[in-house]
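Reckoned from all heavy atoms, side chains included, excluding hydrogens, waters and symmetry mates. What you see is a predicted model; the values in this text were computed from it and never measured. Every chain is numbered from 1, with letters handed out A, B, ... down the list of sequences.
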Amino acid sequence: MFAMAWIREHPDAFDAGLARRGLAPQAATVLGLDARRRKCLTDLQAAQTERNAASREIGMRKAAGDDAAELIQRVGSLKQAIPELQERADRLGAELREQLAELPNLPADEVPDGPDERANRELRRWGELPAFAFEPRDHVALGEALRLMDFQRSARMSGARFVILSGALARLERALATFMMDLQTEEHGYQEVSPPTLVREAALYGTGQLPKFADDLFHTTDGRWLIPTAEVPLTNLVADEIQDGAVLPLRYTALTPCYRAEAGAGGRDNRGMIRMHQFSKVELVSVTRPEESEAELEQMTRCAEAVLQRLGLAYRVVLLSSGDMGFAARQTYDLEVWLPGQQAFREISSCSNCGDFQARRMNARFRCPESGELRFVHTLNGSGVAAGRLLIAVMENYQEADGSITIPAALRPYLGGLDRIAAASD
RNA sequence: GGAUGGGUGGCUGAGUGGUCGAAAGCACCGGUCUUGAAAACCGGCGAUUCCGCAAGGAAUCCGGGGGUUCGAAUCCCUCCCCAUCCGCCA
């Protein structure tokens with residue numbers, strides 16, 4: 001959400017930013033609406049001033065025992081004008097708000113321009129791509145051969161884009177989740193939170209999923225919504241609050257299931273558990289002072305990278321282009337892990353600085369200790385990381401010729417010392 | 001699901017239809033006192049928006065919306081939210 005005052009002062013920068021997102025200029029129409037609304041407000045306020053003065057006069061005359069009939073009649077004529085002006089001002093204000101609520105955040109200066117992911121910029125790589133003496137299989141082949149990954153029965157009970165893990169694979173997913181949570185809380189200073197995964201509409205509006213992306217979400221018969229990411233509850237922790245500036249930055253992490261309708265996915269990633277309606281993910285959220293958010297994004301990205309490094313998984317860091325970024329983000333780094341089964345880097349984490357975009361929508365502010373004024377916080381979110389995709393990465397990168405899977409050393413304490421998942425013996 | 005009670009400033013909490021944006025306390029900021037600190041005392045201290053170069057002025061806001069009235073935190077209607085008790089339940 002944008003501040004009208006900023007658009008008024010920087011209409012060209014506003015349109016230029018939207019253009020980088022591939023959107024048509026809006027400044028002219030928005031400013032036109034704004035001007036009409038303010039003219040209306042000025043008229044309304046003048047009428048209200050007159051009414052207030054007259055009403056006060058009536059009160060004084062009545063108190064003094066004088067006749068006020070003439071004044072009451074004069075005020076009566078305002079009674080028609082005021083509600084009309086009020087209604088018009090409200091309508092224009094609502095129209096303006098609706099238009100602004102649909103506009104995405106503007107890209108930061110360092111974000112490369114481009115229409116889609118082809119314009120993303122690779123920043124760095126970490127780790128060696130694994131070399132196999134055999135043809136590596138993908139996680140579906142591996143998991144089904146182990147008989148620990150079942151897409152038939154999940155389809156029967158829930159439909160497409162669900163999976164059933166069992167035995168050692170189910171435990172491996174749980175171990176990965178616990179490993180990540182321990183890393184983010186004990187070593188990176190994030191506070192563990194166990195939040196609701198059903199939320200009100202207002203929470204999703206605050207983080208920017210609504211009103212525009214309702215099709216990507218599941219909602220319940222009682223009007224609540226399943227979270228598509230723990231970014232929603234974690235960021236909304238500070239909604240409608242005023243933080244003491246001294247407590248910032250706040251850093252939260254949560255392990256939750258995430259639910260996505262994948263309405264626009266079409267036939268993409270139909271095979272395997274890359275793109276599920278339900279998956280579990282460790283999420284990181286930071287709430288910072290405005291001047292701290294850029295550095296916080298770098299740090300948060302390192303916190304996500306640490307997961308892959310500890311597990312010895314090769315990955316690359318990509319700076320998303322203006323056309324590939326999410327709605328609320330002003331700058332995003334994706335972590336893409338190497339998947340031997342696809343011979344490709346695939347997204348496993350996405351870390352974004354949202355600036356004050358979400359804070360404005362959810363009215364999340366802090367009291368600046370130096371100046372005493374109220375300011376909007378900055379919010380950041382990142383996966384730290386997606387557990388389902390991490391499971392895939394471990395399986396595919398640590399597979400052996402016989403279909404067994406070696407457990408990375410860092411994970412063994414979380415699996416009771418288990419060092420490999422043995423191939424099925426038949 | 002049933003029954004009550006509530007939603008007022010950063011927090012707690014008063015409020016008779018008419019200078020109520022709102023008492024009081026706490027918190028916070030400034031000052032006096034003190035070697036320093038604390039205490040005490042004095043003073044200050046809401047948000048948003050509009051007009052204005054500024055000084056400043058104005059409007060709105062007591063959960064949201066509507067109504068009654070010359071005038072609503074206060075009366076009426078409605079919706080939302082919260083709490084407590086009972087029932088059910090992991």
Side-chain angles (χ1 to χ4, degrees), chain A residues 1-9 30-98 100-101 194 196-206 210-211 219-225 233 236-248 250 256-257 287 289 356 359-377:
Chain A
M1 185 67 86
F2 299 98
M4 259 329 295
W6 184 86
I7 300 176
R8 255 177 248 141
E9 287 162 31
V30 165
L31 288 178
L33 253 181
D34 177 55
R36 282 199 288 152
R37 174 176 161 271
R38 285 194 293 161
K39 171 71 170 71
C40 193
L41 267 184
T42 309
D43 294 347
L44 170 65
Q45 291 184 3
Q48 286 170 322
T49 305
E50 195 179 334
R51 180 204 60 193
N52 290 350
S55 290
R56 210 167 308 148
E57 178 72 16
I58 290 168
M60 290 192 318
R61 285 203 197 175
K62 284 199 166 176
D66 294 342
D67 176 46
E70 171 206 342
L71 262 177
I72 290 176
Q73 192 178 3
R74 209 182 77 202
V75 171
S77 66
L78 286 169
K79 287 198 58 175
Q80 195 172 352
I82 289 179
E84 277 172 12
L85 286 165
Q86 181 85 60
E87 199 200 332
R88 231 180 95 216
D90 288 349
R91 208 180 52 240
L92 288 167
E95 208 175 312
L96 194 55
R97 233 174 304 112
E98 281 162 28
L100 292 177
S194 176
T197 55
L198 281 171
V199 298
R200 294 186 212 287
E201 182 178 304
L204 286 155
Y205 179 87
L210 292 178
H219 68 273
T220 65
T221 51
D222 72 347
R224 279 177 246 270
W225 303 74
N236 273 281
L237 249 19
V238 297
D240 284 315
E241 286 191 5
I242 296 171
Q243 306 301 320
D244 181 343
V247 309
L248 301 178
L250 295 167
T256 68
V287 178
R289 297 171 57 134
D356 65 7
R360 286 181 183 282
R361 294 170 81 98
M362 64 175 72
N363 196 29
R365 297 174 293 174
F366 74 103
R367 177 81 63 184
C368 184
E370 291 80 22
S371 65
E373 63 182 348
L374 291 173
R375 304 181 61 188
F376 289 109
V377 297

If you count every heavy atom of other residues, nucleotides or ligands that lies below 6.0 Å from [X] atom [atom1], does the total exceed 12?
| X | atom1 | answer |
| --- | --- | --- |
| A:R289 | CZ | yes |
| A:E201 | CD | no |
| A:E241 | CD | yes |

Mapping A:D90 and A:R365 onto RNA chain B by nearest heavy atom, which one lands closer to the 5' end?
->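 The answer here is A:R365.
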Does A:Q48 or A:I242 map to a spot on RNA chain B nearer the 5' end, using the closest nucleotide for each?
->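 Between the two, 5'-proximity favours A:I242.
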Which part of the nucleic acid, if any, lies within reach of A:L44 when heavy atoms closer than 4.0 Å are counted: base, sugar-phosphate only, or nothing?
-> nothing
Nucleotide [N], atom [atom2] - distance to [atom1] of [X] in whole Å:
| X | N | atom1 | atom2 | result |
| --- | --- | --- | --- | --- |
| A:F376 | B:rA47 | CZ | C1' | 11 Å |
| A:L374 | B:rG46 | CG | P | 12 Å |
| A:N363 | B:rG10 | CG | P | 11 Å |
| A:Q243 | B:rG10 | CD | P | 13 Å |
| A:Q86 | B:rC61 | CD | C1' | 12 Å |
| A:L96 | B:rU49 | CG | P | 13 Å |

If I pick the [atom1] atom on [M] and the same atom on [N], what distance separates them, to the nearest angstrom?
| N | M | atom1 | value |
| --- | --- | --- | --- |
| B:rG46 | B:rC11 | C1' | 13 Å |
| B:rU49 | B:rA23 | C1' | 27 Å |
| B:rC76 | B:rA24 | C1' | 31 Å |
| B:rU48 | B:rG6 | P | 32 Å |
| B:rC28 | B:rC20 | P | 29 Å |
| B:rG44 | B:rG66 | C1' | 40 Å |
| B:rG30 | B:rG17 | C1' | 39 Å |
| B:rA59 | B:rG5 | C1' | 35 Å |

Can a cation-pi geometry be assigned to A:R360 and A:F2, taking NZ or CZ under 6.0 Å from the six-membered ring centre and within 45° of the ring axis?
->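 The answer is no, since A:R360 fails at least one limit relative to A:F2.
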Closest approach of A:L96 to A:R37 (non-hydrogen atoms, all atoms of both residues) |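 Heavy atoms only, the tightest pair is CD2-CD, 4.3 Å.
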Kindly give the heavy-atom pair with the smallest separation between A:L100 and A:M4, and that separation in Å.
->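 Result for this residue pair: CD1-SD, 4.0 Å.
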Is A:V199 close to A:N236 at the side-chain level, that is, under 4.5 Å between some pair of heavy atoms?
->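 Heavy-atom side-chain distance check fails, nothing below 4.5 Å.
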Do A:R200 and A:R224 have side-chain heavy atoms sitting under 4.5 Å apart?
-> yes
Restricting both atoms to N or O, compile the protein contacts to nucleotides 50-55 of chain B shorter than 3.5 Å, with distance only.
| from | atom 1 | to | atom 2 | distance (Å) |
| --- | --- | --- | --- | --- |
| B:rC50 | OP1 | A:R8 | NH2 | 2.9 |
| B:rC50 | O2' | A:T42 | OG1 | 3.3 |
| B:rC51 | OP1 | A:R38 | NH1 | 3.1 |
| B:rC51 | OP2 | A:R38 | NH1 | 3.2 |

Hey, does the side chain of A:R361 reach the backbone of A:Y205 with a donor-acceptor pair shorter than 3.5 angstrom?
->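 Indeed, once roles are kept as given, a pair shorter than 3.5 Å links the two residues.
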What base-paired stems does RNA chain B take part in, with at least 3 consecutive Watson-Crick or G-U wobble pairs and both distances under 3.5 Å?
->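 RNA chain B forms these stems: B:1-7 with B:80-86, B:10-12 with B:24-26, B:28-32 with B:40-44, B:46-51 with B:56-61, B:63-67 with B:75-79.
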List for me each residue that meets side chain to side chain contact (heavy atoms under 4.5 Å, CB included) alongside A:E373, sequence neighbours excluded, and say none if there are none.
->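 With neighbours one apart ignored, the set is A:C368, A:S371, A:R375.
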Look at the side-chain N and O atoms of A:R367 and state whether any lies under 4.0 Å from the OP1 or OP2 oxygen of B:rG46.
->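 A:R367 to B:rG46 OP1/OP2: no side-chain N or O under 4.0 Å.
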